[in-house]
Amino acid sequence: MKLTFIGATHEVTGSCYFLEAAGKRFLVDCGMEQGPDQYENQDVPVPMSDIDFALLTHAHIDHSGNFPLAYARGFRGPIYATAATCDLCDIMLRDSAHIQTFEAEWRNRKARRNGQPEFVPAYTMEDALNVIQQFVPCDYHKIVQLADGIKVRFVDAGHLLGSSSIEIWITEDGVEKKIVFSGDIGNTDQPLIKDPEYLESADYVVMESTYGDRSHGERPDYVQELVDILRRTFKRHGNVVVPSFAVGRTQEMLYFLRKIKADNLLPEFPDFDVYVDSPLAVQATNIFKEHYVDCYDEEAMELLNQGINPIAFPGLKLSITSDESRAINFDEHYKVILSASGMCDAGRIKHHLKHNLWRENSTIVFVGYQAVGTLGRALLEGAKDVRLFGEEIHVSAEIVRLSGISGHADNEGLMRWASAFKEKPQRVFVTHGEDTVCTLFAERLKNELGYDTYAPFSGTVFDLVNNVLEKETEGIIIEHAKEKAKARKASGVYARLVAAGHRLLAVIRHNEGGANKDLARLADQINSLCDKWDR
């Protein structure tokens with residue numbers, strides 16, 4: 001009965017765990033790493049063809065995104081998840097495969113020009129379509145017997161439609177142990193979905209720590225903040241553009257916008273339009289509508305019982321085709337544009353930014369985390385000019401951040417979840433957080449709750465029967481991440497300067513193969529800047 005930690009160890013993304021128990025080998029999550037990557041991840045220690053089955057906490061790509069890769073490497077077992085998670089993965093894994101293919105085509109065009117070898121995508125659309133057929137929907141709270149000596153139950157984690165914490169009971173050689181995987185624990189009082197459920201017993205807990213070092217603060221009045229933004233923007237005859245993640249955040253924004261219309265909170269502009277310009281977001285919104293019975297909270301269900309769809313309203317327009325997307329910016333009516341991606345680095349949102357960033361009367365509203373190095377982060381930090389589709393765009397629009405919106409529990413929410421166990425678990429493993437956050441939160445659990453805690457690195461193996469480390473590993477830092485690690489130690493404005501330097505290098509790489517006159521002009525601008533500041 002062994003647990004091996006593979007991904008999301010001292011890092012926020014790439015969730016993956018490998019268990020050997022009761023004669024079976026199985027995975028919990030098989031996520032893709034996203035954003036900055038600091039530590040090397042060990043491979044699953046057996047061929048993928050030897051994996052009997054998998055469990056999935058929720059549909060986000062950093063938990064599910066490598067299942068098509070597992071299929072490509074021979075995995076053919078069932079993947080157990082909630083029904084809503086299965087349906088979301090149906091669209092999200094296909095979208096991920098499309099992105100993989102598109103990126104490979106783009107990179108190979110550049111590679112051919114430079115005589116470089118062909119880039120092979122991590123997986124294909126065929127891999128995604130095939131692995132989707134392996135998903136098995138499970139009901140919340142129902143105990144499912146997966147094999148002799150292994151049974152599981154999914155409970156609502158309150159993070160995303162269909163998200164779950166997973167209870168696993170394992171019996172081997174007369175010894176039974178219960179392991180709980182928290183998944184991503186949700187924030188309370190989110191629109192539409194229920195609050196996270198608390199569990200009362202476990203021998204071992206594998207717990208996330210994404211926001212283990214910070215608080216969301218006092219909950220703002222999001223509806224009133226939006227009303228204020230819409231009012232001043234529409235008075236200027238501008239558009240409100242919202243870079244929004246297709247699954248979760250888009251549906252939350254629709255919930256707020258429906259309330260504004262239903263309660264006539266903007267009487268000066270009662271007939272403003274709302275465009276959802278993302279095929280993935282449109283599909284996800286339909287899935288939200290299908291899973292209201294098992295996933296919606298009391299407030300949303302009360303609306304449904306009155307015959308009111310909580311995420312639909314007059315003036316809502318769904319854009320599917322490219323022609324429909326392009327037409328949005330030629331519609332002069334007052335409007336809100338919700339479009340992906342949430343960090344502005346891909347997708348249709350870039351076109352809407354190109355049409356609106358230069359306009360003083362428009363407003364760009366950020367409603368989610370913006371990673372270092374992304375266009376969204378640059379705009380939030382005050383960039384005056386940005387480059388879109390090879391064109392320099394001056395930023396004249398109002399840039400606003402709707403603070404406090406998060407699908408993750410903060411440090412106090414995590415502590416409430418952890419303190420619900422009536423008896424202390426034998427050990428709590430802290431994962432799914434930034435490097436120092438995992439360590440800090442493990443210490444907090446130890447100091448405040450008296451738990452025996454451990455923050456493992458990838459490759460660590462734990463003996464669940466005897467409660468001992470069978471193999472302890474140290475984090476192997478990735479070479480390109482060393483400078484980033486140094487940058488994290490910098491403070492205040494200097495940290496922003498270092499981040500800007502990394503972004504400049506990325507911009508230089510993105511311009512590889514560009515016109516000589518453009519490259520020469522960029523080099524002259526950089527040298528001029530260096531001459532000014534090289535002290």
Side-chain angles (χ1 to χ4, degrees), residues 1-11 14-31 39-57 63 66-67 70 73-80 143-154 165-183 199 201-209 421 424-432 438 442 445 451-476:
M1 196 183 298
K2 298 176 183 178
L3 168 61
T4 303
F5 297 87
I6 304 296
T9 54
H10 289 259
E11 294 182 306
S15 177
C16 186
Y17 310 93
F18 172 68
L19 289 101
E20 298 172 276
K24 299 295 181 180
R25 295 166 167 172
F26 61 101
L27 300 177
V28 176
D29 288 351
C30 190
Y39 292 107
E40 289 184 8
N41 280 352
Q42 303 297 310
D43 291 330
V44 173
V46 300
M48 280 295 173
S49 57
D50 288 352
I51 302 294
D52 294 293
F53 58 87
L55 310 173
L56 177 60
T57 57
H63 290 253
N66 272 344
F67 275 118
R73 294 178 175 176
F75 171 59
R76 296 295 184 271
I79 304 167
Y80 298 94
I143 294 179
V144 181
Q145 190 82 39
L146 301 184
D148 289 341
I150 303 176
K151 56 186 179 180
V152 302
R153 178 165 58 192
F154 296 84
S165 300
I166 304 177
E167 300 172 282
I168 307 175
W169 290 268
I170 298 174
T171 303
E172 182 179 277
D173 298 330
V175 177
E176 182 178 89
K177 296 291 181 181
K178 180 183 178 184
I179 306 102
V180 167
F181 288 83
S182 74
L199 299 172
S201 67
D203 294 302
Y204 298 101
V205 178
V206 180
M207 184 176 180
E208 68 113 330
S209 60
F421 294 100
K424 294 178 183 179
Q426 289 180 257
R427 193 165 304 209
V428 177
F429 301 98
V430 178
T431 63
H432 207 290
C438 284
L445 291 174
Y451 289 171
D452 187 355
T453 60
Y454 185 71
F457 282 100
S458 181
T460 293
V461 181
F462 195 81
D463 181 338
L464 298 170
V465 172
N466 298 305
N467 189 21
V468 295
L469 283 167
E470 182 173 297
K471 178 184 177 183
E472 185 173 17
T473 59
E474 294 294 331
I476 303 174

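Everything quoted here is computed from the prediction, not taken from an experiment.
Separating the OG atom in S165 from the CZ atom in F154 is a distance of 11.0 Å, to the nearest 0.5 Å. Taken to the nearest 0.5 Å, the OH atom of Y17 stands 8.0 Å off from the OG1 atom of T57. Distance CD/Q145 to CD1/I150: 9.0 Å, rounded to 0.5 Å. Note that the CD1 atom of I476 and the CD atom of E40 stand 5.0 Å from one another [nearest 0.5 Å]. Between I51 atom CD1 and L27 atom CG the span is 4.5 Å, to the nearest 0.5 Å. The OG1 atom of T9 lies 13.0 Å from the CZ atom of F429; values are rounded to the nearest 0.5 Å.
You'll find the ring centres of Y204 and F462 inside the 6.0 Å limit.
Between the side chain of S209 and the backbone N or O of T431 there is at least one donor-acceptor pair closer than 3.5 Å. For the pair S49 (side chain) and G74 (backbone), a donor-acceptor distance under 3.5 Å is absent. A donor-acceptor pair is defined here as one N or O able to donate and one able to accept, closer than 3.5 Å; such a pair exists between the side chain of S182 and the backbone of E208.
Contact of the F181 side chain with the L3 side chain is registered, since non-hydrogen atoms from C-beta on lie closer than 4.5 Å. In this structure, S458 and Y39 have side chains that are not in contact, with every pair of non-hydrogen atoms separated by 4.5 Å or more. D29 places a side-chain heavy atom less than 4.5 Å from the side chain of L56. Residues M207 and T453 fail the side-chain proximity criterion, which asks for heavy atoms closer than 4.5 Å.
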Candidate pair V205 and Y451, rule side-chain contact (heavy atoms from CB on, under 4.5 Å), full reasoning: CA-CA 11 Å; V205 178; Y451 289 171; over 6 Å; no

Stepwise side-chain contact (heavy atoms from CB on, under 4.5 Å) test for W169 and R153: CA-CA 9 Å; W169 290 268; R153 178 165 58 192; 3.6 Å; yes

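Contact between I6 and P45 at its shortest, heavy atoms only, is CD1-CD, 4.2 Å. Counting all heavy atoms, side chain and backbone alike, K177 lies closest to V465 at CE-O, 3.9 Å. The two atoms that bring Y454 and P456 nearest to each other are O-CD, 3.3 Å, heavy atoms only. Of all heavy-atom pairs between R73 and M48, the closest is O-CB, 3.5 Å.
For S201, the side chain to side chain contact (heavy atoms under 4.5 Å, CB included) test picks out K178, with sequence neighbours left out.
The aromatic rings of F457 and H10 sit parallel to each other, their planes meeting at less than 30°, with 60° as the upper class boundary. H432 and H63 have parallel rings, their planes meeting at less than 30° on a 0 to 90° scale where 60° marks the start of perpendicular.
For the pairing with I168, the side-chain contact (heavy atoms from CB on, under 4.5 Å) check across V180, V206, V152 returns one residue only, V152.
Counting heavy-atom neighbours within 6.0 Å of D148 CG, excluding the residue itself, gives a total of 12 or less. E474 CD: 12 or fewer foreign heavy atoms inside a 6.0 Å radius.
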Which atom pairs, donor and acceptor, lie under 3.5 Å between side-chain atoms of residues 19-26 and protein residues at least two apart or in another chain?
none

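Looking at T460 and T473, their side chains do bring a donor and an acceptor atom within 3.5 Å of each other.
Residue pairs that meet the salt bridge (charged side-chain N to carboxylate O under 4.0 Å, His left out) test with at least one member in residues 451-472, sequence neighbours left out, are K2-E470, R427-D452.
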